[in-house]
Every structure is written in C-alpha cells, then in structure tokens.
Amino acid sequence: MAESAVVDWQTLCYDRILPCDLHTSGFSPEPTRRGPLTDPTLPVRLSSVIYVKKAWPSGKTLRVFFMENHPDRENVLRLAAEWSRYCSITFREVFSRGDSDVRVRFSSNEGSWSYIGTDSSQVPYESHTMNLGKVDQGTVLHEFGHVLGLIHEHQSPLKGGFAWDREAVTKSLRGAPNFWTDDLIEKNMFERYGVDKVEGTRYDSTSIMHYSYPKEWIKQQPGRAEPKDIPRNTVLSELDKSFIARIYGLPSASPQPGVVLPPSEPLRPPSPPKPPKVEVTDFPYDIKEGQDMTFTFKTDQGDPLEYTLETHGEVDLVMSLYGPNSRETFVTSDDDSGDKLNAKIVKKLKPNSTYSIILRAFGEKGGKFNLTISTVVTVRR
C-alpha cells in the first residue's frame with residue numbers, strides 16, 4: 001500500500017446520520033470537557049477519533065453485502081482488509097442482505113459516504129449503508145474507517161489550528177461535483193461531536209480520516225503561517241494503526257469468555273409500577289481499558305417485559321445489546337445514561353429468548369463494576 005498523499009478536495013465523503021440522532025447525535029459546538037481528552041499534555045487537536053457508542057464488539061467479523069454485481073467487489077474487500085492487519089475486526093462477503101452488517105452500493109452520482117459504526121445495524125435491509133462513488137485505496141480505507149466507528153478528524157471536539165472560511169467552504173460545496181445542501185455542509189464541516197461521545201489520540205495530519213482541503217477554505221489568522229493546501233491521505237498512518245488496535249485489540253487477541261447470568265424473578269411492585277431502586281455495593285467484575293466483557297441472560301416466559309440493564313461503578317463503560325438468540329443482531333447501545341455516567345438500557349425484550357450484553361471499557365483506565373438486570377411487571381387487577 002504505497003500510494004502517496006495527493007491534494008484532492010473536489011469530492012468529499014460525508015457521514016450519514018440516523019433520523020433518531022439528528023438532534024441527539026452528540027454534536028456540540030461548545031463541548032464540556034471530561035475524561036482522557038482533558039489531558040493538558042495533549043495538543044488541542046485530535047485525530048483517529050471514534051464515536052464510542054457506535055463501536056462494534058472486539059473480534060467481530062463484519063458481514064459485507066454488495067448491492068450489485070460490481071467488478072470491484074473483491075478489490076473493495078482486499079483494500080478494507082488493511083484495517084484487519086492492525087485490529088481484531090475482519091470483513092467477509094455475504095450473499096444475503098438479511099445476513100449483512102454493511103451493505104455497499106456503487107453509484108457515481110451519490111459521492112462517497114457511510115453510516116458510522118453500529119448505526120449500519122439500524123438501517124433497513126433494503127437500503128445500503130455505504131456508497132462508493134469511486135473505488136480507490138484512499139476512499140475504501142476512509143469509508144471502512146467510518147464502518148469501524150471513526151469520525152472525521154476535523155469534527156473532533158477539541159479541533160484547533162485553523163479557522164474555516166465559511167463562505168468559501170459553503171460556496172464550493174454547494175456546487176459541482178458535491179452539490180451539498182447547507183444543512184449537509186453544516187453537519188459535516190462545521191459542527192463538532194460532544195467530547196463525552198468520542199475517544200481520540202494526538203492530532204495526526206496523516207490520518208486516513210483527515211479531509212483534504214484547498215488553502216482557500218482556511219482563513220489567514222494573525223500570527224500564524226499562511227494557509228496551505230492540505231493533501232489527501234491514501235494510507236493508514238502509524239497513529240491510525242495503533243489507535244484501532246487500542247480500541248479493538250490486536251488481530252491475535254482472543255475473545256474474553258462470556259458470563260452467563262442466572263435467571264431472576266421479576267419484581268412485582270404495586271400498581272402503578274415504578275422502576276426499582278438498586279443499591280449496589282458489591283463490584284465483582286474487573287475490566288481493563290479497551291477490554292470487552294460479554295454477559296448473556298434469558299428473558300422470562302409469557303408476555304414481553306421491559307428490562308432495565310444498568311452498570312454500576314466508576315468505570316467508563318459502553319453497553320451494547322444483541323439478540324434475541326443471536327450475537328450478530330444488534331439491538332441498541334448506551335454510553336452514560338445511567339447514574340454517575342454509567343451505561344443504562346431500558347428496552348422491551350422478546351420473552352423466553354437469550355440476549356447478549358457486551359461491555360467495553362473506555363477512558364484512561366478500567367476497574368471494578370457490577371451489572372444489574374431488572375424488570376417491572378404490571379399487576380393486573
């Protein structure tokens with residue numbers, strides 16, 4: 001993979017955002033700093049930035065379905081496999097869209113774009129989750145970076161170093177060959193993700209997730225050097241490689257053994273029901289930074305019940321729920337909706353079915369935690 005960086009800003013990738021995320025996607029023009037991104041020894045700009053809530057479980061094989069019999073199908077998988085040299089995620093072609101995690105279309109009229117991470121799992125099977133307007137090394141690596149949950153470097157919440165000439169950027173992207181709407185320009189160029197939604201590394205101008213820009217898009221700032229064209233990157237940088245290994249583990253990393261949770265009796269409070277208050281003082285599980293832990297449990301028989309899945313402790317955990325009866329079917333995920341930024345999912349689940357909870361530790365360190373699963377049943381009178 002020896003292609004060199006070139007200046008190519010004519011066509012740009014844009015991120016697809018789920019409808020439910022349009023107003024809650026984590027975009028934050030004035031982020032509140034917390035966690036590892038507050039380290040004063042780090043530069044203010046970050047690269048290799050991942051949307052932590054949308055990361056896949058470590059060791060997962062992502063199933064790729066091509067929406068058409070395109071001659072570049074094998075080439076796309078070959079290029080995407082470069083990511084797998086540095087992390088535990090692999091890619092495999094499947095021939096049924098119902099069995100897929102990622103669905104690729106080749107349309108020169110759509111440009112190149114992708115949903116981010118596990119968002120692909122929430123897109124209807126009849127729709128594609130990625131479009132490749134062209135197939136080359138840089139484009140494929142960039143779009144599959146989004147599949148892994150990586151966002152654009154310039155949308156890091158601690159971005160700095162240059163200021164956009166908003167008028168020049170907007171005028172350029174409104175026209176050929178992108179024809180972006182003003183809303184698309186705002187979402188993909190000027191807005192930034194909330195600092196509590198992402199995990200990042202030191203700024204890396206050579207990252208595959210770094211946009212290329214013409215110098216005309218950047219304002220001259222007092223006391224700074226004259227803006228220069230920012231070239232397009234077509235290979236994974238060293239920080240890309242080390243960061244993706246940190247998030248997903250090395251290719252040789254073996255999955256952690258799962259924990260099977262014993263069945264429990266549903267709580268039956270008087271009507272109207274209220275969620276039970278859980279006092280947790282015991283923290284039997286220990287997790288390291290970047291590690292995944294899998295818990296499986298079986299739902300009660302009878303009518304569907306609403307389950308509350310919640311972590312307790314001081315560890316920054318992201319919770320993903322898969323099922324029923326499959327670790328391939330993504331249901332939902334959460335980062336810090338619970339008490340003291342713990343993860344919490346409240347969901348009505350199919351009865352008499354097995355579900356898997358995958359917890360991943362983010363932040364500067366791991367630690368001890370507990371996981372509780374509770375239900376509330378309405379007593380009919």
Side-chain angles (χ1 to χ4, degrees), residues 18 20 53-65 88-103 115 117-127 129 147-149 248-249 253-268 275-276 284-285 287 291-311 317-335 337-338 343-360 369-378:
L18 291 174
C20 62
K53 184 179 175 181
K54 302 178 188 295
W56 302 93
S58 297
K60 182 174 175 61
T61 295
L62 294 178
R63 302 162 298 171
V64 181
F65 175 78
S88 66
I89 300 294
T90 56
F91 304 97
R92 174 172 62 88
E93 183 176 6
V94 294
F95 301 95
S96 168
R97 68 180 68 196
D99 294 331
S100 64
D101 301 301
V102 180
R103 292 175 294 285
Y115 283 93
T118 55
D119 278 356
S120 298
S121 300
Q122 302 183 55
V123 178
Y125 285 125
E126 61 269 19
S127 301
T129 65
V147 169
L148 294 175
Y248 287 115
S254 57
Q256 297 294 321
V259 178
V260 179
L261 300 175
S264 58
E265 287 295 320
L267 303 174
R268 300 181 181 273
Y285 306 115
I287 192 169
Q291 180 184 349
D292 285 356
M293 290 188 71
T294 301
F295 298 79
T296 61
F297 69 100
K298 192 168 185 177
T299 54
D300 296 309
Q301 299 185 31
D303 295 332
L305 301 177
E306 186 175 84
Y307 284 76
T308 298
L309 321 173
E310 190 168 11
T311 63
L317 295 170
V318 175
M319 177 191 297
S320 298
L321 179 64
Y322 287 79
N325 305 319
S326 170
R327 281 193 59 182
E328 298 293 341
T329 306
F330 175 80
V331 179
T332 188
S333 63
D334 183 72
D335 184 5
S337 295
K344 181 179 181 179
I345 291 175
V346 180
K347 192 78 174 175
K348 184 173 286 188
L349 302 180
K350 184 178 178 180
N352 197 29
S353 300
T354 300
Y355 286 84
S356 295
I357 301 168
I358 299 178
L359 297 175
R360 171 173 295 156
F369 71 96
N370 204 337
L371 170 67
T372 59
I373 301 177
S374 56
T375 61
V376 173
V377 180
T378 302

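Residues: numbered from 1 along the sequence shown.
Lys54 NZ to Asp335 CG: the interatomic distance, rounded to the nearest 0.5 Å, is 11.0 Å. One distance of note links CE of Met293 with CG of Leu317; it measures 9.5 Å at 0.5 Å rounding. A distance of 14.5 Å separates OH of Tyr322 from OH of Tyr355, quoted to the nearest 0.5 Å. With rounding to the nearest 0.5 angstrom, the CD1 atom of Ile357 is 4.5 Å from the CG atom of Leu309. In this structure, the separation between NZ on Lys350 and OG1 on Thr299 is 9.0 Å, given to the nearest 0.5 Å. With rounding to the nearest 0.5 angstrom, the OG1 atom of Thr296 is 11.0 Å from the CG atom of Asn325.
A donor-acceptor pair is defined here as one N or O able to donate and one able to accept, closer than 3.5 Å; such a pair exists between the side chain of Ser88 and the backbone of Tyr248. For the pair Asp334 (side chain) and Lys344 (backbone), a donor-acceptor distance under 3.5 Å is present. Of the possible polar contacts, none joining the Trp56 side chain to the Gly149 backbone as a donor-acceptor pair under 3.5 Å is found. Formation of a donor-acceptor pair under 3.5 Å by the Asp101 side chain with backbone atoms of Arg63 is found in this model. In terms of modelled atom types and a separation under 3.5 Å, the side chain of Thr129 and the main chain of Val102 share no donor-acceptor contact.
Using a 30° and 60° split on the angle between ring planes, Phe295 and Phe369 fall in the perpendicular class, above 60°.
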Exercise for the section: Could you walk me through whether Tyr307 and Ile373 pass the side chain to side chain contact (heavy atoms under 4.5 Å, CB included) test, one step at a time? Expected result: CA-CA 7 Å; Tyr307 284 76; Ile373 301 177; 3.9 Å; yes
Exercise for the section: Assess whether side chain to side chain contact (heavy atoms under 4.5 Å, CB included) is satisfied between Thr61 and Phe91, documenting all intermediate values. Expected result: CA-CA 5 Å; Thr61 295; Phe91 304 97; over 6 Å; no
Practice task
Go through the steps to decide whether Val147 and Val64 satisfy the test side chain to side chain contact (heavy atoms under 4.5 Å, CB included), and finish with yes or no.
Solution key: CA-CA 11 Å; Val147 169; Val64 181; over 6 Å; no
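In this structure the side chain of Asp300 never reaches within 4.5 angstrom of the side chain of Pro351, judged on heavy atoms. By the 4.5 Å heavy-atom criterion applied to side chains, Lys348 and Leu305 are not counted as neighbours.
Contact between Glu328 and Lys60 at its shortest, heavy atoms only, is OE1-NZ, 2.6 Å. When all heavy atoms of Ala55 and Ser320 are compared, the pair lying nearest together is O-OG, 4.4 Å. Ser356 and Thr294 make their closest contact through CB-CG2, 4.4 Å (heavy atoms, listed as atom of the first residue, atom of the second, distance). Summarising the geometry of Asp292 relative to Ser58, their closest heavy-atom pair is OD2-N, 2.5 Å, with the distance given to 0.1 Å. The shortest heavy-atom contact between Ser127 and Arg103 is O-NE, 2.7 Å. When every heavy atom of Met319 is checked against every heavy atom of Ala343, the shortest pair comes out as CB-CB, 3.7 Å.
Within a 6.0 Å radius of CD in Gln301, other residues, nucleotides and ligands contribute 12 heavy atoms or fewer.
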